[in-house]
Amino acid sequence: MRENRLPFQLEACWKEKDMISGRVSDAMVMIMRTSGCCWANKGGCTMCGYRQASVSTVSEDDFNKQIDEALSKYKGEPFVKIYTSGSFLDENEIPAPIRERILKEFSRCERILFESRPEFVNEEVLSALPKTVTVALGLESSDPDVLSVSIKKGFTPEDSRRAGMLIKSASMAVRTYLMLKPPFFTESAAIEDTVRSAVFADEFSDEISINPLNVQRGTYAERLWRAGELRPPWIWSLAEVLKILSGTVNARLMSSPSGGGTMRGVHNCGNCDRKMLDGIERFSFSQDVKDLDVRCDCIKNWQTYLESEKILGTAADLERGFSDDLALGGAKDGGIRH
Ligand code: SF4
Ligand SMILES: [Zn+2]
């Protein structure tokens, strides 16, 4: 935990594009400083470094100053996303009066999105929310063993499904996050798991956002990565997942990888990374698989990588040690957010 952070300041605030009812719209993103995710405070998920964005105590006065800061930057964007590095619906993290003020301040927005663990989603909480709300649920995987062993999520896929169905029956929207290639996964097993998980999530999701593993600081995933036991997924794998799912699920598919093109994030050979990530961004809006058509010779390396992992029966980073460019010492660094 970094105590040099000031509890009355936002962690970050920026503008970007997203979508409302099928059209591209301006969005403001605000990341609030809170005491952090209740689960992170008990050890947390294996890939989550969000504790770094938390401070030990944040008073209501601090929260109000953070909201004032956000309002000073707000230019009437119709879509506002409020991230807390935890659960917006957890009253121990965001006190009820603060939640009410935020919803009131942005009551003219067409769409408001925040994240929550499923245990905080219940009928009573939902009844107090406007219908413009989208709740983002971090399902990650539909496989209970993946959630408990690989991610240590602290809830089951059924918990997310229950929360998702409840949100849908309250006429609000759900954005579901899936983790592509959690620890201990080979590339091909990761593709299969994410495809299966998206089919599971489709029933209660308006949008499915694929988050390729991004190695965040101070996490168990980082320890594995430093030991050469883990390679973040190839961008080819992410594109493959999107191609397989396109036309299969009803939900809008999207991906906005943190640390993309770096050694800590989803990456290819280095030459095609930007082009592919741009294509994935375009696809997230258009849903047109043509946007995923990028050519680079490293697709052969990816195919060989998939085969080699199967033959060797390992999820370790097979590139490590084979190339100076890819060796850890020369790595470009990724950010902490996923
Ligand atoms: S990934 Fe989400 S649920 Fe897991 S520790 Fe981080 S903030 Fe909490
Ligand atoms: Zn390439």
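In listed order, ligands and their atoms are each counted from 1.
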Run the contact test for Lys153 against ligand 1 with a 4.0 Å cut-off on heavy atoms, strictly below, and give the result.
-> yes
Quick one: does Ser85 get within less than 4.0 Å of ligand 1, heavy atoms only?
-> yes
Determine yes or no for a side-chain-to-main-chain donor-acceptor pair under 3.5 angstrom, with Ser246 supplying the side chain and Leu242 the backbone.
-> no
Is it true that Arg111 and Glu207 have a side-chain N and a carboxylate O under 4.0 angstrom from each other?
-> yes
To the nearest 10°, what's the angle at the Zn ion (ligand 2) between atoms SG (Cys296) and SG (Cys298)?
-> 110°
Applying a 4.0 Å heavy-atom criterion (strictly less than), which segment of Cys37 is in contact with ligand 1: side chain, backbone, both, or neither?
-> side chain
Check: Tyr74 and Cys109 side chains under 4.5 Å, non-hydrogen atoms | yes
Note: Glu281-Lys17 ion pair, threshold 4.0 Å (strictly below) | no
Pull out every atom of ligand 1 sitting under 4.0 Å from any heavy atom of Cys48, numbered as shown with elements.
-> 1 (S), 5 (S), 6 (Fe), 7 (S)
Salt bridge between Glu69 and Lys73, side-chain N to carboxylate O under 4.0 Å?
-> yes
Given that the side chain starts at C-beta and the backbone is N, CA, C, O, which of these parts of Cys38 lies under 4.0 Å from ligand 1, counting heavy atoms, or is it both or neither?
-> neither
Is the distance between atom 4 (Fe) of ligand 1 and the nearest N/O/S atom of Cys45 smaller than 2.8 Å?
-> yes
Can a salt bridge be assigned to the pair Arg101 and Asp68 using a cut-off of 4.0 Å between side-chain N and carboxylate O?
-> yes
Under 4.0 Å to a heavy atom of Ala40 - the qualifying atoms of ligand 1, by number = 5 (S)
